[in-house]
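In this chain, residues are counted from 1 in sequence order. What you see below is based on every heavy atom in this structure, not just the backbone, and it leaves out hydrogens, waters and symmetry mates.
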Amino acid sequence: QVQLVESGGGLVQAGGSLRLSCAASDRTFTTYVVGWFRQASGKEREFVATISWIAYIIVYADSVKGQFTISRDNVKSTVSLQMNSLKPEDTAVYYCAARRLGTPTRYKEEYDTWGQGTQVTVSS
């Protein structure tokens with residue numbers, strides 16, 4: 001089973017940008033749908049964005065459309081999340097998740113593998 005490791009989180013001021021990266025342990029990653037989710041303290045884990053294995057289908061949560069961009073590099077087995085114009089309400093632990101084959105989905109129950117998460121904190 002593929003293993004995922006997120007990186008790129010940190011502390012940023014409101015209006016700033018961060019780029020998160022999700023690295024996979026093996027090349028079969030190219031056949032996985034990958035999603036980004038986030039969980040703020042005391043809240044449910046929520047969908048952020050997802051991308052199909054050849055980047056043909058991309059779906060964003062309404063709350064991040066036009067602000068975040070998901071992309072993937074199947075040669076490097078990575079999926080990135082570019083986050084711009086960050087707001088304090090974007091503060092959360094961000095997780096990437098993978099789903100073998102299938103179609104992109106916003107439902108966290110449909111993902112098989114999860115990373116450990118990376119903290120993003122946006123100060124006002």
Side-chain angles (χ1 to χ4, degrees):
Q1 188 174 2
V2 69
Q3 294 181 332
L4 307 174
V5 178
E6 302 96 334
S7 61
L11 173 63
V12 63
Q13 289 188 329
S17 298
L18 282 174
R19 186 177 181 86
L20 305 184
S21 181
C22 174
S25 59
D26 63 64
R27 294 178 183 179
T28 62
F29 186 64
T30 59
T31 61
Y32 282 73
V33 168
V34 177
W36 281 99
F37 292 77
R38 65 186 181 185
Q39 187 166 18
S41 180
K43 294 188 177 181
E44 293 284 321
R45 190 170 300 188
E46 65 174 6
F47 167 73
V48 174
T50 183
I51 186 167
S52 61
W53 66 280
I54 54 171
Y56 181 69
I57 301 172
I58 292 174
V59 181
Y60 294 100
D62 288 343
S63 59
V64 304
K65 278 182 183 176
Q67 182 189 2
F68 291 3
T69 302
I70 188 171
S71 61
R72 71 187 298 160
D73 185 334
N74 285 337
V75 174
K76 296 181 179 179
S77 296
T78 58
V79 171
S80 298
L81 185 70
Q82 177 67 41
M83 307 186 296
N84 298 327
S85 303
L86 285 163
K87 312 164 193 173
E89 50 263 44
D90 294 316
T91 295
V93 177
Y94 283 71
Y95 299 89
C96 69
R99 179 184 186 213
R100 182 74 191 275
L101 301 175
T103 56
T105 174
R106 62 180 64 231
Y107 300 107
K108 58 184 181 293
E109 295 80 7
E110 298 188 17
Y111 288 84
D112 307 310
T113 304
W114 292 80
Q116 83 290 350
T118 185
Q119 176 70 47
V120 171
T121 304
V122 184
S123 63
S124 57

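- Without hydrogens or angle criteria, Asn74 side chain to Ser77 main chain gives no donor-acceptor distance under 3.5 Å.
- Trp53 is linked by a side chain to side chain contact (heavy atoms under 4.5 Å, CB included) to Arg72, counting only residues two or more places apart in sequence or in another chain.
- Applying the salt bridge (Lys or Arg N to Asp or Glu O under 4.0 Å) rule to pairs touching residues 61-70 yields Asp62-Lys65, sequence neighbours excluded.
- Between Tyr32 and Phe29, the ring planes lie parallel to each other; the angle is under 30°, not in the 30° to 60° tilted range.
- For the salt bridge (Lys or Arg N to Asp or Glu O under 4.0 Å) condition, the pairs that include at least one residue of residues 83-102, sequence neighbours left out, are Arg38-Asp90, Arg99-Glu110.
- One hydrophobic cluster, built from ILVMFWY side chains closer than 4.5 Å, cannot hold both Leu86 and Val93; they sit in different ones.
- Counted within 6.0 Å of CD on Gln3, heavy atoms from surrounding residues, nucleotides or ligands total 12 or fewer; the atom is thus considered open.
- Looking only at side-chain heavy atoms (C-beta outward), Thr28 and Thr30 stay at 4.5 Å or farther from each other.
- Atom CG in Asp73 sits 4.5 Å away from atom OG1 in Thr78 (nearest 0.5 Å).
- Relative ring orientation between Trp114 and Phe37 is described as tilted, the plane-to-plane angle lying within the 30° to 60° band.
- Both Ile58 and Phe68 belong to a single network of hydrophobic side chains, linked directly or stepwise wherever heavy atoms of I, L, V, M, F, W or Y lie under 4.5 Å apart.
- Side-chain polar atoms of Tyr107 and Thr50 form no donor-acceptor pair below 3.5 angstrom.
- Cluster membership for Ile51 and Val59, using ILVMFWY side-chain heavy atoms within less than 4.5 angstrom, is not shared.
- Contact detail for Ala92 and Ala40: the closest heavy-atom pair is CB-N, 3.7 Å.
- With contacts defined as side-chain heavy-atom distances shorter than 4.5 Å, the pair Gln119/Tyr94 does not qualify.
- No path of Ile, Leu, Val, Met, Phe, Trp and Tyr side chains, each step under 4.5 Å between heavy atoms, connects Val5 with Tyr111, placing them in separate hydrophobic clusters.
- From Tyr95, atom OH reaches atom CD of Glu6 across 8.5 Å, with rounding to the nearest 0.5 Å.
- With sequence neighbours excluded, the residues that form a side chain to side chain contact (heavy atoms under 4.5 Å, CB included) with Ala49 are Tyr60, Ile70, Leu81.
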Show me the side-chain donor-acceptor pairs of residues 13-22 shorter than 3.5 Å, one per line, residues at least two apart or across chains.
residue, atom, partner, partner atom, Å
Ser17, OG, Asn84, OD1, 3.0
Arg19, NH1, Gln82, OE1, 3.2

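- Looking only at distances, a side-chain donor or acceptor of Thr118 sits under 3.5 Å from a matching main-chain atom of Gly9.
- Of all the heavy atoms in Leu11 and Ser123, the pair that sits closest is CD1-CB, 4.3 Å.
- Aromatic ring centres of Phe47 and Trp36: separated by at least 6.0 Å.
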Fill in: Verdict with supporting geometry, Thr113 and Gln1, side-chain hydrogen bond (donor to acceptor under 3.5 Å, both in side chains)
CA-CA 8 Å; Thr113 304; Gln1 188 174 2; 2.6 Å; yes
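- Counting side-chain heavy-atom gaps under 4.5 Å among Ile, Leu, Val, Met, Phe, Trp and Tyr, Val75 is found in no cluster with other residues.
- Atoms CD and CZ, on Glu109 and Arg45 in that order, are 10.5 Å from each other to the nearest 0.5 Å.
- Leu4 and Val79 fall within the same hydrophobic cluster, where Ile, Leu, Val, Met, Phe, Trp and Tyr residues are linked whenever their side-chain heavy atoms come under 4.5 Å apart, directly or through other members.
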